[in-house]
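Right, one structure below, let's go through it.
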Protein chains: 2
Amino acid sequence: MSKYHHGDVRNVLLQQAENILIDEGPAGLSLRRLARLTGVSEAAPYRHFDGKDGILAAVAISAFERFAEQLEVAAASTENHEERVMALGAAYVQFAVENPQHFRLIFGRERPPLDQYPELRDAADNAFDVLQRAVTSVDRKAEMTLTEAATAYNRALAAWSRAHGIAMLVIDGMIVPPADQELSNFVLGLLAEDLTIPASA
Amino acid sequence: MSKYHHGDVRNVLLQQAENILIDEGPAGLSLRRLARLTGVSEAAPYRHFDGKDGILAAVAISAFERFAEQLEVAAASTENHEERVMALGAAYVQFAVENPQHFRLIFGRERPPLDQYPELRDAADNAFDVLQRAVTSVDRKAEMTLTEAATAYNRALAAWSRAHGIAMLVIDGMIVPPADQELSNFVLGLLAEDLTIPASA
DNA sequence: GCTTTAATGTTAACGAAGTTAACATAAGAA
DNA sequence: TTCTTATGTTAACTTCGTTAACATTAAAGC
């Protein structure tokens, strides 16, 4: 009787870790519990990962990759700059709402330190590159002056900020999207909101 | 020799907890360490607080109160609606930047559950009331129709979202405010950014 | 095929943490 | 003064992250 576990422990651990993370967050992800659930000894995970941070890093990497993919899809959905920014913001929030724990993991402070996990840093950089490229690149025909480029950059930050804020506030329950409306419509409405007063009497 | 500690243990614990929280966050706040630092037995904190969450709740309550105060100051700084929204946003981000750990505590998931700490819930509600009142109340003379009210509410959410996003991204180091610029100016610039494209050719 | 070695498991231990129970002392009410 | 309550203390229990020491499997070299 093979008392030892065979091959695929690493992947099983990762999948189980995802499951725990999804419904309890990083706090609930205990290595010992993970090992127990996986049916493996309590020290086994350490053969495959660099401790708890190692597992979180692995999960975070795949989360970043999915995040970047979905952003790219949104960015590719239209050629129009304004529409693209909106689509990106909606995709950004949608990812957060559909994967709140992953979103918190990749942005929060329980994310393992980037300088200790180069692959994690790469994954993060890539995701934000996608974001920034898609927001800053206006239609290619238009050559930009320097000030135009600065404006575009500021716009990117502003768009990113609002999307991030909506995402955070929604997954933290501070904003409750109306039940009778598509989430994406609600988000798009917020994203498009212009704060400048039209013309005060 | 009085082996026992005298009166003010609760306040000393709270102050020490603040100190730990400020430079290590809730994760580094261990009850045992807190007790050791305060020079009191390891079980003593349980006589004054409902466990770790109890201490975090107490700290969060005072954080909410300071937050609300500063928002009110900003809201009272001007009568003009647009300026008020901007000032509020700047104050919001400023609080986050000056008190990142407190900001994370009151918004993040390590915040004790609101339904278990009524005073915490009250403090939170009050802060957001201040926010919403200040953002949605346009000049009183103008009576609002229903759709105008809805628009004002949406604007409040949009403004709040962007301020929150900026705050989060800045304290998480994802956005680095330019060193050669006042933080408030940077924030005001972002808050005022309109995403709609002027007039595409 | 046999032996050596690296990879992968296991058990057992250490220290730190949150929490609670059982007990001790102080302070105030009766 | 005595009884009661608030406040401390010590000691224990459980869980956790992590590591050391040992066991087994599988692969590489001969």
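Lettering of chains follows the sequences in order, A, B, ..., and the numbering in each one begins at 1.
Atom CZ of A:R10 and atom C1' of C:dA7 are 14 Å apart (whole Å). Counting to the nearest Å, the P atom of D:dT19 and the CZ atom of A:F49 are 16 Å from each other. Nucleotide C:dG18 holds its P atom 13 Å from the CG atom of B:L13, rounded to whole Å. Put simply, CG on B:D53 is 12 Å from P on C:dT20, counting in whole angstrom units.
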Mark up nucleotides 12-17 of chain D, 5' to 3', with B wherever a protein heavy atom is under 4.0 angstrom from a base atom, S wherever such an atom reaches only the sugar-phosphate, and - elsewhere.
B---BB
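Of the residues near DNA chain C, B:A43 and A:R47, the one whose nearest nucleotide (by heavy atom distance) lies more toward the 5' end is A:R47.
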Name the atoms and distances for all side-chain donor-acceptor pairs under 3.5 Å in residues 89-100 of chain A, with sequence neighbours left out.
residue, atom, partner, partner atom, Å
A:Y92, OH, A:W160, NE1, 2.8
A:Y92, OH, A:H164, ND1, 2.7
A:Q94, NE2, A:E98, OE2, 2.9
A:N99, OD1, A:R66, NH1, 3.3
A:N99, ND2, A:F95, O, 3.0

Donor-acceptor contacts under 3.5 Å from residues 116-125 of chain A side chains, at least two apart:
residue, atom, partner, partner atom, Å
A:Y117, OH, A:D50, OD2, 3.3
A:Y117, OH, A:G54, N, 3.4

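For the helix from C:dG1-D:dC30 to C:dA30-D:dT1, the angle separating the two terminal helix axes comes to 0°, with each axis derived from five pairs and the value rounded to 10°.
Take B:R109 and apply the salt bridge (Lys or Arg N to Asp or Glu O under 4.0 Å) test, not counting sequence neighbours, and it matches A:E110. Considering only residues two or more places apart in sequence or on other chains, B:Y46 meets the side chain to side chain contact (heavy atoms under 4.5 Å, CB included) condition with B:L31.
In this structure, CD on A:E83 lies 12.0 Å from CG on A:L88, to the nearest 0.5 angstrom.
Without hydrogens or angle criteria, A:D172 side chain to A:M174 main chain gives no donor-acceptor distance under 3.5 Å.
One finds no side-chain N or O of A:H48 lying less than 4.0 angstrom from the OP1 or OP2 phosphate oxygen of C:dA7.
Counting only N and O atoms by type, the side chains of A:D129 and A:N126 include no donor and acceptor under 3.5 Å apart.
Within the 4.5 Å cutoff, side-chain heavy atoms of A:R33 are placed close to those of A:I20.
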